[in-house]
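Before any comments, here is the structure.
Keep in mind the model is a prediction, meaning the values are calculated, not measured. Note: hydrogens, waters and symmetry copies are ignored here, and every other heavy atom, side chains too, is used. Letters go in sequence order (proteins before strands), and every chain restarts at 1.
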Amino acid sequence: MELDLLGNLQRTHSCGELDLSAAGKDVVVMGWVNRRRDHGNLIFLDLRDRSGIVQIVLDKELCPLAHAKAESVRPEYVVAIQGKVRRRDAASVNPNMATGQIEVNVGELKILNDARTPPFSPAEDAIGNEELRLKYRYIDLRRPAMQRNVILRHKIALAIRENLARQGFLEIETPYMTRSTPEGARDYLVPSRVHPGEFYALPQSPQLFKQILMISGLDRYFQIARCFRDEDLRADRQPEFTQIDLEMTFPQQETVFRVVESFVAAAFHAAGIALPTPFPQITYDESVRRFGSDKPDMRLPELVDIHAVFSSSDLETLMVDPSLPVIAVRVPKVGELSRKERDENRPLFDARKGAKLIDDLKRLEKAFPEAVAKVRELAGAAPEDLLVIVAGDATTRIEASDTKIAGRLTEREIAIYSSAGSLRIELAKKYAARHGAFSITERAVQNAGGDENGNLVQGSEAFFPIWVTDFPMFEHDAETGQWMPSHHPFTSPHEEDMDRLVSDPSSVRARYYDLAMNGLELGSGSIRIYRKDVQTKIFQSLGMSDEEAKERFGFFLEALEYGTPPHGGIALGLDRIVMILAGAQSLREVIAFPKTARAVDLMVDAPSLVSETQLKELQLQRRRS
RNA sequence: GGGGACGUAGCUCAGUUGGUUAGAGCGCUGCCCUGUCACGGCAGAGGUCGCGGGUUCGAGCCCCGUCGUCCCCGCCA
């Protein structure tokens with residue numbers, strides 16, 4: 001194939017920007033051939049670049065040379081077109097195309113590069129095989145849907161940067177090669193050649209650096225930072241991901257909230273959606289009670305406490321533990337389920353936590369007609385709504401703390417609530433087509449960018465951000481019998497709970513908060529400890545010796561002693577924000593070069609073995625076995 | 001670490017109870033076609049049924065193992 005030289009030809013327009021206003025103009029456009037329609041003496045090319053697609057016309061009579069060349073053109077060839085923009089006849093206008101009012105009449109066609117037949121076509125809408133998409137990511141990224149996501153991500157990041165800068169935050173970079181941080185995930189390690197046997201760690205987050213920046217007096221810091229965690233993946237979890245990380249001095253919790261609400265609203269605005277602020281707030285305990293989760297999806301009905309409906313003898317008959325919550329889960333508009341359907345739904349219920357599912361309300365109604373009527377009333381259930389009951393199983397005792405302290409939820413109660421909460425989500429997902437609660441969000445995303453009058457889509461119907469506050473400070477580890485920090489150990493407890501740190505750790509609330517939206521955790525943060533004496537107390541209550549604390553975070557403890565201001569902050573997942581606004585079901589759709597569920601990059605084939613020489617230089621050796 | 005789904009032509013998939021030469025649509029190649037825009041018409045090429053082993057007269061189909069992709073639990077802010 002004879003290729004043409006570019007010469008000094010300059011592109012004058014992008015494909016998508018051409019419209020009626022360009023009619024009559026001489027233009028030069030360049031791009032990829034999306035499709036070719038060959039009518040013999042008349043050939044149409046759809047030329048694609050980032051901005052869109054425009055139709056190119058080659059008439060044998062008008063441009064015999066270019067027409068002859070176009071016969072050999074195939075999809076994904078890279079071509080340059082010199083021609084004249086022409087208004088289409090009324091009959092040949094294509095209303096489905098942004099540039100459908102015009103077309104480019106060719107003077108000269110240059111074939112700049114040919115292309116092998118791609119394994120899949122960027123011109124197709126429905127693309128299946130994800131393995132192939134990841135291997136040939138450069139082709140996948142040619143698809144307009146993927147380019148939309150990449151562009152959306154750019155716009156969101158830009159809006160957030162601008163917003164935070166306006167709020168007085170400085171963008172400051174922190175090292176990627178650092179030492180293991182105290183967070184709980186596994187580190188990605190980088191061996192040091194200069195210090196044989198020693199390793200850097202890639203940061204799980206810039207946590208300690210940003211706190212140090214506050215100690216340094218930089219007042220307000222932010223960074224759109226890459227974070228690395230060597231843990232198993234999910235649809236919403238990649239081993240490297242991007243956080244909008246920020247920290248500020250002298251904040252109240254509410255100060256952080258206002259800052260975040262402002263930039264999240266700015267991000268949504270950039271995506272064409274108006275998100276009302278401030279966001280509502282809920283305590284952790286209340287969130288667990290009402291939604292069975294610390295990341296509530298408020299598009300669905302809340303859990304309903306129906307314990308009072310049943311007498312203690314009723315509960316005994318039902319073999320339900322009377323000391324645990326009895327909860328109704330409602331899923332709207334599901335309709336009546338057959339025995340077979342109910343059986344199929346049982347795997348959605350997680351009984352391991354000592355919870356019991358009562359899914360046959362009809363049968364229950366025969367034994368307890370009044371109680372069931374009351375349950376329906378309390379749940380506000382319409383006749384076509386699905387209603388099931390989750391309660392504690394009296395026949396199985398789960399291993400968990402049962403002590404009720406300071407009015408907070410016990411571990412066993414949390415187990416029942418979360419069992420009901422996950423069933424709530426699973427059933428809602430399964431019957432999404434019937435109740436439509438999720439499709440409202442999908443529609444909002446599709447219409448984002450505004451209506452014909454340029455008004456933004458109202459996000460209040462489709463997006464439900466919520467602050468979850470007052471998380472417990474500690475979790476009980478059943479295996480070790482130890483109290484573990486629920487978060488990193490620099491999270492400040494509530495000042496009024498401070499005196500119970502040692503005597504009654506489970507009742508201590510952390511000044512820790514999450515931002516959740518539509519069942520997804522967008523991010524979390526806390527007000528930090530800034531006093532050495534408090535920090536020491538926390539380590540004590542964790543059973544950590546002074547030596548151990550010094551060994552793990554000596555540099556940081558020392559920094560605390562040199563005039564540390566009260567400070568706090570948060571980190572939000574940029575990938576997840578973009579995922580929501582792109583209407584994507586997986587982070588892979590909004591990351592240009594993502595990894596598979598087994599943390600492999602299929603395009604570059606990473607990770608890979610390295611040479612013996614490299615290993616030697618690092619003084620590393622593969623272990624046999 | 002555990003559970004589940006999937007793997008058949010370049011792609012998306014069908015393939016009956018284990019039975020002759022494994023099919024369709026799209027794509028691809030060639031020819032024809034001056035208003036298409038998922039163009040159309042005619043003809044054609046294209047298969048290690050993921051891989052390895054087993055059962056059987058006979059395996060795409062059954063069994064065991066293994067690899068890969070996806071989803072979930074554990075793990076992880």
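If you check B:C28, B:C76, B:U69 against the side chain of A:Ala185, the one that comes closest is B:C76. Taking only side-chain atoms of A:Arg88, from C-beta outward, the nucleotide of B:C76, B:G35, B:G68 with the closest atom is B:G35. Among the nucleotides B:C33, B:U69, B:C39, the one closest to the side chain of A:Arg35 is B:C39. Taking every side-chain heavy atom of A:Arg234 into account, B:C73 is the closest of B:G27, B:C73, B:C71. The nucleotide whose nearest atom lies closest to any side-chain atom of A:Asp38 is, among B:C33, B:G68, B:C11, B:C33. Side chain of A:Asp232, nearest nucleotide from B:U69, B:G1, B:U36: B:G1. For A:Arg237, the side-chain atoms get nearest to B:C75 when compared with the rest of B:U69, B:C75, B:U12. The side chain of A:Asn41 lies closest to B:U34 when the candidates are B:C37, B:U34, B:U69.
No hydrogens or angles were tested; on distance alone, nothing pairs the side chain of A:Asp230 with the base of B:C76 as donor and acceptor under 3.5 Å. One N or O donor and one acceptor, one from the side chain of A:Arg86 and one from the base of B:G35, sit under 3.5 Å apart. Counting distance only, with no hydrogens placed and no angle test, the side-chain atoms of A:Glu130 and the base atoms of B:G68 include no donor-acceptor pair under 3.5 Å.
Heavy atoms only, all atoms of each residue included: A:Thr99 and A:Val54 are closest at OG1-CA, 3.6 Å. Residues A:Leu522 and A:Met517 approach most closely at CD1-CB, 3.9 Å, considering heavy atoms. Between A:Met146 and A:Arg133 the shortest heavy-atom distance is SD-NH2, 3.5 Å. What you find for A:Pro489 and A:Ile538 is that their closest heavy atoms are O-CG2, 3.8 Å.
For the P atoms, the distance linking B:C63 with B:G4 amounts to 14 Å, nearest Å. The same atom, C1', is picked in B:G23 and in B:A14; the two are 7 Å apart, to the nearest Å. When the C1' atom is compared between B:G47 and B:G60, the two are found 11 Å apart, to the nearest whole Å. Comparing B:C67 with B:G52, their C1' atoms sit 10 Å apart, to the nearest whole Å. Taking atom P in both B:C49 and B:U56, one finds a spacing of 22 Å when rounded to whole Å. When the C1' atom is compared between B:C57 and B:U20, the two are found 15 Å apart, to the nearest whole Å. Taking atom C1' on both nucleotides, B:G46 is separated from B:A24 by 14 Å, rounded to a whole Å. Rounded to whole Å, the separation between the C1' atoms of B:A45 and B:C6 comes to 29 Å.
A:Ile53 comes within contact range of no nucleotide atom at all, as no heavy-atom separation falls under 4.0 Å. A:Phe44 comes within 4.0 angstrom of a base, heavy atoms only. Within the 4.0 angstrom heavy-atom criterion, base atoms lie near A:Gln55. Across all strands shown, A:Asp59 has heavy atoms under 4.0 Å from base atoms, whether or not it also approaches the sugar-phosphate. A:Glu103 comes within contact range of at least one nucleobase, with a heavy-atom separation under 4.0 Å. Nucleic acid contact for A:Pro118: none, since no nucleic acid atom lies under 4.0 Å from a heavy atom of the residue. A:Arg598 comes within contact range of the sugar-phosphate backbone alone, with a heavy-atom separation under 4.0 Å but no base atom that close. As judged by a 4.0 angstrom heavy-atom cut-off over every strand, A:Glu61 is placed among the base-contacting residues.
Pairing of B:C33, defined by two Watson-Crick or G-U wobble distances under 3.5 Å, is not identified with any nucleotide. B:C6: Watson-Crick or G-U partner is B:G68, with both key distances under 3.5 Å.
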Nucleotide N/O to protein N/O under 3.5 Å, stretch nucleotides 41-47 of chain B:
none

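B:U36 has no base stacking with the ring of A:His39 when judged by centroids under 5.5 angstrom apart and an interplanar angle below 30°.
Side-chain nitrogen and oxygen atoms of A:Arg37 include none within less than 4.0 Å of the OP1 or OP2 phosphate oxygen of B:U36. For the pair A:Asn94 and B:U36, the criterion of a side-chain N or O lying under 4.0 Å from OP1 or OP2 is not met. For A:Arg74, a side-chain nitrogen or oxygen approaches OP1 or OP2 of B:U29 to under 4.0 Å. Phosphate contact (OP1/OP2 of B:C71, side-chain N/O of A:Arg588, threshold under 4.0 Å): present. Applying the 4.0 Å criterion to OP1 and OP2 of B:U69, one finds that A:Thr596 has a side-chain N or O inside that range.
Side-chain contact, A:Asp285 with A:Thr283: no donor N or O sits under 3.5 Å from an acceptor N or O.
Here the options are A:Arg35, A:Arg116, A:Arg48, the test is salt bridge (Lys or Arg N to Asp or Glu O under 4.0 Å), and the partner is A:Glu76; only A:Arg48 passes.
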Can I get a per-line list of side-chain donor-acceptor pairs under 3.5 Å for residues 466-473 of chain A, giving both atom names and the distance, sequence neighbours left out?
| residue | atom | partner | partner atom | Å |
| --- | --- | --- | --- | --- |
| A:Trp467 | NE1 | A:Glu261 | OE2 | 2.9 |
| A:Thr469 | OG1 | A:Ile282 | O | 3.4 |
| A:Asp470 | OD1 | A:His494 | NE2 | 2.6 |

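A donor-acceptor pair under 3.5 Å is formed between the side chain of A:Arg137 and the backbone N or O of A:Ala592.
Between A:Tyr138 and A:Tyr136, the ring planes are perpendicular. Angles over 60° get that label, and only those under 30° would be called parallel.
For A:Tyr188, the OH atom is densely surrounded, since the number of other residues' heavy atoms within 6.0 Å is greater than 12.
Along RNA chain B, the nucleotide nearest A:Asn96 and the nucleotide nearest A:Phe120 are compared for position; the residue whose nucleotide lies closer to the 5' end is A:Phe120. Each of A:Leu62 and A:Asp514 was assigned the nucleotide of RNA chain B with the nearest heavy atom; the assignment lying further toward the 5' end belongs to A:Leu62.
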